[in-house]
Amino acid sequence: MSWRDAVQPALRMLLQPETRIDPYLEILRLGAEHEDIEARDIVVPLALGGALVTGTLVSTDTWERLHLRQLGNHDDTLRRVVRHAVAHLDEAAEKRRRPRDIDHRFLHLRDVTYRSGRTTYALPARRGSISAVSGWTLGEPDKS
């Protein structure tokens, strides 16, 4: 699905009064999912339950590749199980002749910094619930 095809239904859904997702954040997530637009290198700091999580928005496919690369540093059995599951999803999508459905409940980041109080962690990638975000902005926060 192209960006233009995705925007209209997403906006209709987001403008419903019972929607609990920030429409502007959802538009950024859509931009990261649809690589036919220039939505690369968008850094977002997210407020999540008293912590600040900062990272670059990426598509689900990019996050999956990063996640599988992380698994390469862990148990071989776990890596094989995840690769088998992803291959099964891809095969099922191919049989339907369309890409896998994107789970719109999640926001994907790369080059993540997690700050809580005086503690800071660096993570290669993060997948988190978009509905858990209580606030956000654009750009890298000041280091001080």
Side-chain angles (χ1 to χ4, degrees), residues 1-75 78-94 96 98-144:
M1 177 184 298
S2 76
W3 166 250
R4 287 192 171 121
D5 294 338
V7 168
Q8 291 302 320
L11 287 176
R12 278 194 299 277
M13 181 267 305
L14 289 170
L15 294 175
Q16 298 300 316
E18 66 276 359
T19 300
R20 305 213 190 296
I21 297 172
D22 182 316
Y24 299 103
L25 186 57
E26 175 62 9
I27 288 169
L28 288 177
R29 189 197 63 74
L30 280 170
E33 289 294 344
H34 295 84
E35 296 171 355
D36 59 334
I37 65 161
E38 295 293 324
R40 291 186 266 276
D41 301 324
I42 296 175
V43 176
V44 290
L46 308 169
L48 296 163
L52 182 67
V53 177
T54 303
T56 303
L57 284 172
V58 295
S59 68
T60 302
D61 288 340
T62 300
W63 176 83
E64 282 180 351
R65 285 192 299 276
L66 291 168
H67 185 64
L68 287 173
R69 190 177 314 141
Q70 281 180 273
L71 288 175
N73 298 328
H74 296 287
D75 181 64
L78 178 62
R79 186 173 62 244
R80 277 184 285 140
V81 166
V82 171
R83 285 191 179 166
H84 178 74
V86 169
H88 180 71
L89 291 172
D90 286 340
E91 181 181 321
E94 179 60 32
R96 292 183 296 176
R98 63 185 178 100
R100 262 189 289 146
D101 292 330
I102 303 292
D103 191 337
H104 301 288
R105 297 173 300 164
F106 296 99
L107 193 62
H108 301 93
L109 304 173
R110 69 171 165 81
D111 303 326
V112 178
T113 303
Y114 176 90
R115 294 178 182 91
S116 181
R118 293 183 181 185
T119 305
T120 301
Y121 301 100
L123 305 168
R126 180 184 187 279
R127 173 181 170 108
S129 171
I130 195 169
S131 65
V133 175
S134 60
W136 65 277
T137 189
L138 293 172
E140 191 74 37
D142 188 7
K143 301 287 186 210
S144 56

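For reference, positions follow the sequence shown, starting with 1. Note that the structure is a prediction, hence the values are computed from the model and not measured.
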Visitor: Got T56 and V112 here, is their nearest side-chain heavy-atom distance under 4.5 Å?
Guide: no
Visitor: Would you mind reporting whether H108 and T62 have side-chain heavy atoms less than 4.5 Å apart?
Guide: no
Visitor: Would a distance-only check, ignoring hydrogens and angles, find a side-chain to backbone donor-acceptor pair under 3.5 Å from E33 to T60?
Guide: yes
Visitor: Determine whether a donor-acceptor pair (N or O, by modelled atom type, separation under 3.5 Å) exists between the side chain of S116 and the backbone of T119.
Guide: no
Visitor: With side-chain contact (heavy atoms from CB on, under 4.5 Å) as the test, would you mind laying out the steps for D22 and V133 before giving the verdict?
Guide: CA-CA 9 Å; D22 182 316; V133 175; over 6 Å; no
Visitor: Return the CG to CH2 distance between L48 and W136, rounded to the nearest 0.5 Å.
Guide: 13.5 Å
Visitor: To the nearest 0.5 Å, what is the distance between CD on E26 and OG on S131?
Guide: 11.0 Å
Visitor: Could you walk me through whether L138 and L28 pass side-chain contact (heavy atoms from CB on, under 4.5 Å), step by step?
Guide: CA-CA 10 Å; L138 293 172; L28 288 177; 3.8 Å; yes
Visitor: How long is the gap from CD1 on I42 to CG on L109, to the nearest 0.5 Å?
Guide: 11.5 Å
Visitor: How far apart are the closest heavy atoms of L52 and P45, and which atoms are they?
Guide: CD1-CB, 3.8 Å
Visitor: If you define the side chain from C-beta out and look only at heavy atoms, does anything of V44 sit under 4.5 Å from T54?
Guide: no
Visitor: Supply the atom-to-atom distance Y121 OH to R126 CZ, rounded to the nearest 0.5 angstrom.
Guide: 14.0 Å
Visitor: How long is the span from the CG atom in L123 to the OG1 atom in T113, to the nearest 0.5 Å?
Guide: 8.0 Å
Visitor: CG of L66 to CZ of R127: how many Å apart, nearest 0.5 Å?
Guide: 13.0 Å
Visitor: Under the ring-ring contact (aromatic ring centres under 6.0 Å, His included) rule, what pairs show up with a residue in residues 41-62, not counting sequence neighbours?
Guide: none
Visitor: Could you pull out all residues at least two apart from R110 that satisfy salt bridge (Lys or Arg N to Asp or Glu O under 4.0 Å)?
Guide: D41
Visitor: Listed by chain and number, what are the salt bridge (Lys or Arg N to Asp or Glu O under 4.0 Å) partners of R105, not counting sequence neighbours?
Guide: D103
Visitor: Tell me, do L46 and T137 make a side-chain contact under 4.5 Å, heavy atoms counted?
Guide: no
